Every structure is written in C-alpha cells, then in structure tokens.
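First comes the structure, then the notes that go with it.
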Amino acid sequence: MASLPKPLEDWFAARGWRPRSHQLAMLEAARPGRHTLLVAATGAGKTLSGFLPVLADAAEKGPRPGLKALYVSPLKALAADVERNLATPIREAGLPLGVETRTGDTSSEAKRRQRQRPPDILLTTPESLSLLLTWPEAERLFADLETLIIDEIHAFATSKRGDLLALAAARLRTLAPRLRLVGLSATIADPPAMANWLAPGAEVEIVRGAEAVPPDISILVPRGEIPWAGHNGRHAAREVMELLEEARQSIVFANTRSIAELLFRDLWTENDKALPIGLHHGSLSAEARLKAEAALVSGRLKAVVATSSLDLGIDWGDVDLVVQMGAPKGAARLLQRVGRSNHRLDEASRAVIVPGNRFEYLEALACLDAVAEGELDAEPHRPGGLDVLAQHIMGIACAGPFEAGSLYAEIRLAAPYAGLSRDSFDRALAFVATGGYALSGYDRYRRLVEEAPGRFRLTHPKLAQQHRLNAGVIVEAPAMTVRLGRGRALGQVEEWFATQLRLGDRFLFAGLTLELTGRSETDLYTRLARGAPSVPSYEGGRMPLSTHLARRVRGMLADPAQWRRMPADVRDWLEMQRRHSRLPPADKLLAESFPREGRHHLLLYGFEGRNAHQSLGMLLTQRMEKRGLKPMGFVATDYVLGVWGLEPVEDPASLFAGDIVAEELEEWIGATPFLRRAFRDVAIISGLVERQRPGARKTGRQMTVSTDLIYDVLQRHEPGHLLLEAAWAEASSRLTDIARLHALIARAREELVVSRLERPSPLSIPILIEIGAEGVSGMGEAELLAELLRDDREV
DNA sequence: GACCTGCTGCGGGATG
C-alpha cells in the first residue's frame, strides 16, 4: 500500500485521523499514472481523496511552475466550497500549492491573469473549462497538466453538459499527454460503464470507498388512508410537520417547483410553533436561494422545502432528516438526497418517503429494497449532441487553426462521440464553416475558411469574442422576472405562464401570494395579496420511474408473500384486485377492459414510465381511430396507460400488430410543438443564433422569433440539415422513451394477458380518478369506491 | 373554488 509523504502524514496525525484505505488506493493508482474512478459514500472524504495524489506530489517534489491539476464541478458553489476545504490541508501541511477558482463569478481581470500565470490547482465548471480552451494560450497553459478531476461525475454523464465536458477532456488529453483522469461520485450504478465514459478505451482503476452505515429510510404511513391518487404527499402535511418538529434540521424534497411552493404553504398552515421553514428552488432569485442556504448552514433554519436544487455536493448545515415527498423515481436519486443528511460515515442518514398514492407506496418500497441491495438504476449513456459538437468545433477554431483529420480523431476520444462517423463530423464542420447548404448564401453564417486542404481557421477574429459570449449548453425557457413592487426581484416564471396572467390575478411564488399590478417587456410587478392564488408551473424535464424500479414493482405485485410488508389499505387493494381481476404478472403485460358510463376503457399496466406510456397512448388511439373504435382520449402515469372510447376493443392484442412505432411515432413527433422548441435550443447551442451581443442580452421572445424563421427555411429547403437532425434527437428523447416503448410493445406481442371485466378493477381506480381530474368525465372518487365495495360484497 | 406530476445547471473582456 502506498504511504503518505511526511508533511501529509503529520497533518493527518495532528487531526487524529488515519488515511482511509480508499485514499491510499487513490495514491497508489496515481503513481503509475492510472486513470481512476472513485465511488465512495458522502462523508468519506471523497474530494480530498481525489486531490491527495496532487498534494502528495507537491510535498515530494516541491514547488514547480505551471498548472498541475484541474477540478471540474457541476456547481459554482461546489467549486467555491472545495477551494475552502482544500485550503486547510495545504496551509497546515505547508504545501507549495496555489488554488484558485475560475467560473462566471471570477472577474475578467483574474481570468486574464490566470491565463498568463495559472495557479497550481484550478477549480472550475465545464463551461468555464470550454471557454478556457478557446484561447490561443490553451496549448501552453495545459502542457504540464497532470490531473483532471471530475466531481459528481454522475451528474454529467448523460447530459449535454457531459458532452461538452467530455469534448473538453479529449482536448486536454491532446494538449497534456501525461494527463490522468479522475472521476468522483457517491452514486454510480454501473462503475465500469462510467469508467468508460471517463476515459473510453483506456484502463481505468475503480476504487471503492468503505461501506457507510446503511441509511435508515422509512415510508410514512399516514394516519388516514393512503390516497388513491395524487403525486405529492401533501395529504400528510400534518405528519410531516411533526417529523420536522422532532428533527434537528431537515430538507423536504418535492419533485416539482410548483409542489414545493404548495407544500411550503401547507407546512406553514400546520406550523403551530412557528418554526423557521424556508423555500429553495431553481426559479427563485439567486438572492433568495443564497439567503436560504446561509440560513440552513448557520442553523437559523429548522427546515427547508427544496427541489433537486439542493441535491448535490455541499454539506448543507446540520441536517439529520431528509423527507422525500411523492415517489423517489429512482434509487440513485433517493440515495443522493438521503446523502444530504448526516455527513458522518458511522451514523445512519435518516430519511422518510411520503408516497402520494398507493402505486407510489409500491414504488417507495421497491426503492428501499434497491437501496438496501446497493442496486442503483443506471441511466443509459447516449450519443453526444451534434449541436454541442458544433459548439466545440467553433471553440477549437477560436484557439487557432486546426486540421480536420486530427480533430476528428481527438473528438472520438470523448465517450459520447466515440461512435461519431466521419460523415457526421464533416457535416458538423461544414455547418460551422458555412451554416450548411441552405444557409451558405448568408455571410453571417460563414465562420470558418479552409485555408489549406483540411486546415480551417476563423474568418474573422471578432467571432472568437462572439463565441465566448454565447457558449454553453444550458438553454432556459423564456422567462420573466417577478418583482415585489417595482423593486426586489423574487425570481422568474416562464413566459407562457406570465402571458396568461391578467392584472389583478393572484399567483403563489417564493412562498408569497402575489397580485399582478403591472408588467414590462421583461418584468412582472406585483404586490402582496390575499385569496386563492394559481401556481406557476414550469416546463422542466420529467422524472420517469426508472426501469429498474419498474421491474421491482412488477415483481412485488406478482408475489403476494411480499404484501405482508405493506400497510393494510395497500394490501387490501391488491387482495381485491386478485379477486376481481388479476394481478399484473412480472414478465407479461396485463390489459383490463371494462365499460363505464357509456365508455369503454382499456388499461395497460406497463410500468414503463410516463414517457413510454404516453407515446403508446398516442399510437393506440391513432390505431383505434383508423379502426372506427372512436377513441376519446388517454391518460398515462408512470405505471399505467388508460385509453377510452365509445366502442369496446374486442381484441387488444391486434392493436399491436405490425410496425406500429416507426411511421406513426415519427408523424406524431413531427407534429408536436416540441420539435420547434427543440430546434430553438439546438440553434442556440450550435451557435447559429446568438443569445447576446456585447452589452445586450436578447429576450426569450426575440430568440424564438428568429429561430422559428430559420426553422421554417430549413424545413422547406434542407430537411436533412444537421440542426434539424439534432432537434429531432432532442425532441424524441424528451418526448418518448424509445427503448422502453419497444420493450412494452414486445411484451404486449409476446403475451398480453387480457382481463375482461364488467366494472372497474381496484388497480384501475387511481387512473380513473386521474381521468376524472382532467375533466374528461365527471365520475367521483366516492362513487367509484362505493361501487367497488358493493361489488366486493357480492363476491 | 380546488386542484395541481414538467428538476438542475452555466456563461466575455477591458475599461472607467
């Protein structure tokens, strides 16, 4: 086993610590220069472990010039936190190392200095790293770089930010041939796959931290019944309030921003003791978020209601309880959140899940099992975005002329682009150079010139400045700033929501009931008000039930021996289902059909997540239409798809015949407004349109107008354009889950178990209530239950 | 009037 150099050994000893075995393993792996992936629980000293080889090197070799280590974090705040945490060992062990951060918050003067005289260790974000690579000095700057540490690597690997980072890392491997890559995370489902993402084709040593004490996670069983429908756990606000009263400090996670707002209000209604409870989500102003964070860390806040805005990294205060409202949607996500409580390895983190309905109870139970067995759900790695690729190519051009052939080879070192064809690369390059065939007539899209065969450079140096001003892959929906009075900004609501508001309307935001008193192009002016408000919602991403949990839920339903672990009302529900219909088999697909109020319902218990169910609902209703079955609508949840129409579906299996996906799905995606919106995003990322010019940021509406115009031109004149392809990929991955849709259809074809009923089955009740909630039918929940119970007595 | 299933994250340079 490797040992620490003297100064570090003394430093550990002075603190009464001994290096943990995974820390020594990190040291050991670094000696021969091996890439490393560290998987260790929160509280295991993960970040220090990543840096330990860098610190040891400094202790042994003394001061050396140049940038030696680069650290990339998904959050600016985390980079700043790491800077503070590194300062202590460096100072106390007397190591000759300078550490600085470089993010959007860094002054341009400091950034310039860093380009000329870099610190030994630089802490940054993927965006800032990409921008650093656009400078001509990059080649010299990174020549001596030895280590690239990617923290919270799981947060990158399946996103466009990850594409950007992987491309930057590939570039760094060219500039710094001795570069060693290090990935850090607490929640990795498939370490070998992640190792391959980190350094495709290279050998990566996987180091595992010591096992932490298993978390203590329980499922809250409300005093009343577990609801039949609903997704947010708000029914248990009273019970949650009691938990908060008993705990030292808590984070209450909600799955959406609007639910966070509603829940915050609910908790205050129950807050008899007037405990300080805060609110934190991504649409609140930075000021409001920082205030909540500071109050959390200092202990002034007893609890905070948050979205995933508090998922990552930083140790938020003295939190000893995490509450998950509604379904956790995946074991890795739950574990990440549970890790926010109790950052000590030798004590269990405590968490409580509050399922929103009975299906969610099953999911919560499946999630507990998955966590206990250490089986996390993996998100599939996907090919990198062509829009991100275009941005990267432009960035490289900003640093100086390049050879297309060697850039292509380098880009394939990035995992998301390992399978990139030369043809796709050439199309991306041609797009950056001229805008592509249909746009090549416009001067403004000429960004590169081929100065010698295969050798490209910028057409004008000012393009580099433009690029730096517009780089990055995060595109936000057009939004308006909400102000109290005409002054303080409380945060942002999306434009589409803002346009629905009329003067005098009330809405719930930042925990306040606000009344709209005026508006400008970019701002909403408000005052405090009373009365029932509407609640803004946002067009964020979805969190589908993970494949892995879906399988567990099916297994649980099919195995009555497991029902003993469930509360009585859930158990009774399943028992009734067994008597009246059938249980969904673990490996087959259950379909139920029954008439109700003049309509015929068809329910498919797929458990493949909302996206897959929604696509299937669309496909099936199209087919039913063609067959004259007069479909009227469908509803999809993570668990079930419900379709209804005027005629019964006599043979549900026949709906799945032939190639149902290829044509109809394409037609559908092509017809949705999502495609246009996706085009807007890729047009921005690829650099086709500019978000800002020096001194002026464009409004969301301006951006949308210009991308809409280009979209129409390309649709007409060049339907095969690179950006239409990229938009297509984006829209289809957001709208549907092709892999799971295929799995669902395959199960339907192989064996569809059909249960024909006279009345709704117990399992169908949640979805029937959901249909009622959408105003399609006026059936009441009470009526449904009464009917079912009457039916039950007859058996 | 009550009800909400759509998360997160970043980002220039030089000057006055």
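A note on names: the letters A, B, ... follow the listed sequences, proteins ahead of strands, and every chain is numbered from 1. Since the model is a prediction, treat every value here as computed from it, not as a measurement.
For the 3.5 Å distance criterion, the side chains of A/Gln492 and A/Thr481 qualify, holding a donor opposite an acceptor. With no hydrogens or angles considered, no side-chain donor-acceptor pair links A/His235 and A/Glu225 at under 3.5 Å. A/Glu494 and A/Trp496 are linked by a side-chain donor-acceptor pair at a separation below 3.5 angstrom, with hydrogens and angles left out of the test.
When each of B/dT5, B/dG13, B/dT8 is scored by its nearest atom to the side-chain atoms of A/His231, the top-ranked nucleotide is B/dT5. Side-chain proximity of A/Leu469 to the nucleotides B/dC10, B/dG12, B/dT8 is greatest for B/dG12. Of the candidate nucleotides B/dG11, B/dC4, B/dA2, B/dC4 has the atom lying nearest to any side-chain atom of A/Asn232. In the set B/dT8, B/dG9, B/dG6, the nucleotide with an atom closest to the side chain of A/Thr256 is B/dG6. Closest approach to the A/Asp638 side chain among B/dG12, B/dT5, B/dC10 is made by B/dT5 (side chain taken as heavy atoms from C-beta onward). Between B/dA14, B/dC7, B/dC4, one nucleotide has an atom nearer to the side chain of A/Leu262 than all others, and that is B/dC4. Closest to the side chain of A/Ser308, out of B/dG13, B/dG11, B/dT8, is B/dT8. Listed nucleotides B/dC4, B/dG11, B/dG13 differ in distance to A/Ser108; the shortest reach to its side chain belongs to B/dG13.
A salt bridge is defined here as a Lys NZ or Arg NE, NH1 or NH2 lying under 4.0 Å from an Asp or Glu carboxylate O, and A/Glu730 with A/Arg734 meets this definition.
Whole-Å rounding puts the A/Arg102 CZ to B/dG12 P distance at 8 Å. For the pair A/Ile684 CD1 and B/dC10 P, the interatomic distance rounds to 18 Å; values are reported in whole Å. Rounded to whole Å, the distance from CG on A/Asn255 to P on B/dT5 is 12 Å. Spacing between atom CD of A/Glu109 and atom C1' of B/dG13 amounts to 11 Å, rounded to whole angstrom units. Rounded to whole angstrom, the span from the CD atom of A/Gln114 across to the P atom of B/dG13 amounts to 10 Å. Across the protein-nucleic acid pair, A/Glu476 atom CD and B/dT8 atom P stand 10 Å apart, rounded to whole Å. Between A/Leu78 atom CG and B/dT8 atom C1' there is a gap of 14 Å when expressed in whole angstrom units. A/Gln692 places its CD atom 15 Å from the P atom of B/dC10, with the value rounded to the nearest Å.
DNA chain B is contacted by both A/Ala532 and A/Ala77; A/Ala532 maps to the nucleotide lying nearer its 5′ end (nearest heavy atom per residue). A residue-by-residue look at A/Gly230 and A/Gly472 shows that A/Gly230 has its nearest nucleotide of DNA chain B further toward the 5' end.
Contact of A/Glu770 with B/dC4 (side chain to base): no donor-acceptor pair of N or O atoms is detected under 3.5 Å. One cannot find a donor-acceptor pair under 3.5 Å joining the base of B/dC7 and the side-chain atoms of A/Thr307.
A search for salt bridge (Lys or Arg N to Asp or Glu O under 4.0 Å) contacts involving A/Arg238 returns A/Glu242, A/Glu245, A/Glu270, A/Asp272, not counting sequence neighbours. Partners of A/Glu495 according to the side chain to side chain donor-acceptor pair (under 3.5 Å) rule, which considers only residues two or more places apart in sequence or in another chain, do not exist here.
Of the side-chain N and O atoms in A/Thr125, one or more sit less than 4.0 angstrom from OP1 or OP2 of B/dG11. Phosphate proximity of B/dT5 to A/Arg610: absent, as no side-chain N or O sits under 4.0 Å from OP1 or OP2. Close to B/dG13, at under 4.0 Å from its OP1 or OP2, lies a side-chain N or O of A/Lys111. Put simply, A/Trp135 has a side-chain N or O that comes within less than 4.0 Å of OP1 or OP2 on B/dG13. Applying the 4.0 Å criterion to OP1 and OP2 of B/dG9, one finds that A/Arg161 has every side-chain N and O outside that range. The side chain of A/Ser537 places no N or O atom within less than 4.0 Å of a non-bridging phosphate oxygen (OP1 or OP2) of B/dT5. Put simply, A/Ser128 has a side-chain N or O that comes within less than 4.0 Å of OP1 or OP2 on B/dG11. Taking 4.0 angstrom as the limit, A/Arg691 places none of its side-chain polar atoms (N or O) nearer than this to OP1 or OP2 of B/dC10.
Contact annotation for A/His281: backbone-only contact, meaning every heavy-atom pair under 4.0 Å involves sugar-phosphate atoms and none involves a base. Contact annotation for A/Thr103: backbone-only contact, meaning every heavy-atom pair under 4.0 Å involves sugar-phosphate atoms and none involves a base.
The 12-atom threshold is exceeded at NZ of A/Lys111, counting heavy atoms of other residues, nucleotides or ligands nearer than 6.0 Å.
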